[in-house]
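I have placed the structure first, in the form of structure tokens, so that the comments after it can refer back to it.
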Amino acid sequence: MTTELTLTTGPGPDGAVVLTASGEIDMSNAETFAGALTRAVSGAAGARLVVDLTAVQYLDSAGLSALFAQADHIELRTGPLLAPLLEISGLSELTTVHHA
């Protein structure tokens, strides 16, 4: 059973804007995720935007594609589950990845 994707945006403790995702990001909801990323980038208005993926349990190629499209505008926070995927895909070479 798929875990529902939940997205929230708010201020981080260091002044960055944080988009927090939890659940699973796959082809069924990647468009929603991409839209949230686009809105968060626009809303950050030059502030750092951190995409917190520490509560994401699954990320497929559609979700990765959304992250690649915004790689110049985001930083990522991830846990041990997704860190290897971000390395193998090459995304960690395009943006800053913080390991939780």
Side-chain angles (χ1 to χ4, degrees):
M1 181 171 179
T2 301
T3 304
E4 183 178 346
L5 175 63
T6 303
L7 300 164
T8 57
T9 304
D14 61 356
V17 175
V18 179
L19 172 61
T20 303
S22 63
E24 297 182 6
I25 303 170
D26 59 24
M27 65 184 225
S28 71
N29 57 25
E31 189 173 317
T32 299
F33 179 60
L37 276 171
T38 299
R39 287 187 299 279
V41 167
S42 296
R48 284 179 43 240
L49 175 60
V50 177
V51 181
D52 186 343
L53 301 173
T54 56
V56 172
Q57 301 159 354
Y58 178 80
L59 177 68
D60 75 0
S61 60
L64 273 174
S65 180
L67 291 169
F68 271 100
Q70 298 292 347
D72 291 343
H73 308 288
I74 63 174
E75 295 179 18
L76 300 173
R77 184 179 305 140
T78 188
L81 181 66
L82 295 183
L85 177 62
L86 301 178
E87 288 287 326
I88 291 168
S89 70
L91 189 58
S92 63
E93 295 177 19
L94 299 177
T95 190
T96 302
V97 178
H98 305 279
H99 299 277

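Values below: every heavy atom of this structure, side chains too, minus hydrogens, waters and symmetry copies.
- In this structure, Ser89 has no side-chain hydrogen bond (donor to acceptor under 3.5 Å, both in side chains) partners at least two apart in sequence or on a different chain.
- If you chain together hydrophobic residues whose side chains sit under 4.5 Å apart, Val50 and Val17 never meet in one group.
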Name each donor-acceptor pair under 3.5 Å that joins a side chain in residues 28-35 to protein atoms two or more places apart or in another chain, with its distance.
residue, atom, partner, partner atom, Å
Ser28, OG, Asp26, OD1, 2.5
Asn29, OD1, Asp26, N, 2.9
Asn29, ND2, Glu24, O, 2.9

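- Side-chain heavy-atom separations under 4.5 angstrom define the hydrophobic clusters, and Tyr58 shares its cluster with no other residue.
- Thr54 pairs by the side-chain hydrogen bond (donor to acceptor under 3.5 Å, both in side chains) definition with Asp52, not counting sequence neighbours.
- The minimum heavy-atom distance between Ala71 and Leu91, with the atom names listed, is CB-CD1, 4.1 Å.
- Scanning both residues, Met27 and Asp60, for their nearest heavy atoms gives N-OD2, 3.0 Å.
- Under the 4.5 Å side-chain heavy-atom criterion for Ile, Leu, Val, Met, Phe, Trp and Tyr, Leu19 and Ile74 are members of the same hydrophobic cluster.
- A distance of 7.0 Å separates CG in Leu86 from CG in Leu64, rounded to the nearest 0.5 Å.
- Remark: side-chain polar atoms of Ser92 are not paired, donor with acceptor, to backbone N or O of Val97 under 3.5 angstrom.
- By the salt bridge (charged side-chain N to carboxylate O under 4.0 Å, His left out) test, Glu75 pairs with Arg48, sequence neighbours left out.
- Rounded to the nearest 0.5 angstrom, Leu37 CG and Gln70 CD are separated by 6.0 Å.
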Under 3.5 Å donor-acceptor pairs involving side-chain atoms of residues 5-12, not counting sequence neighbours:
none

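- Gly23 and Thr3 make their closest contact through CA-CG2, 3.7 Å (heavy atoms, listed as atom of the first residue, atom of the second, distance).
- Among Leu82, Leu49, Leu67, Thr96, the single residue meeting the side chain to side chain contact (heavy atoms under 4.5 Å, CB included) criterion with Leu76 is Leu67.
- Pairing each heavy atom of Val56 with each of Ala21, the nearest pair is CG2-O, 3.5 Å.
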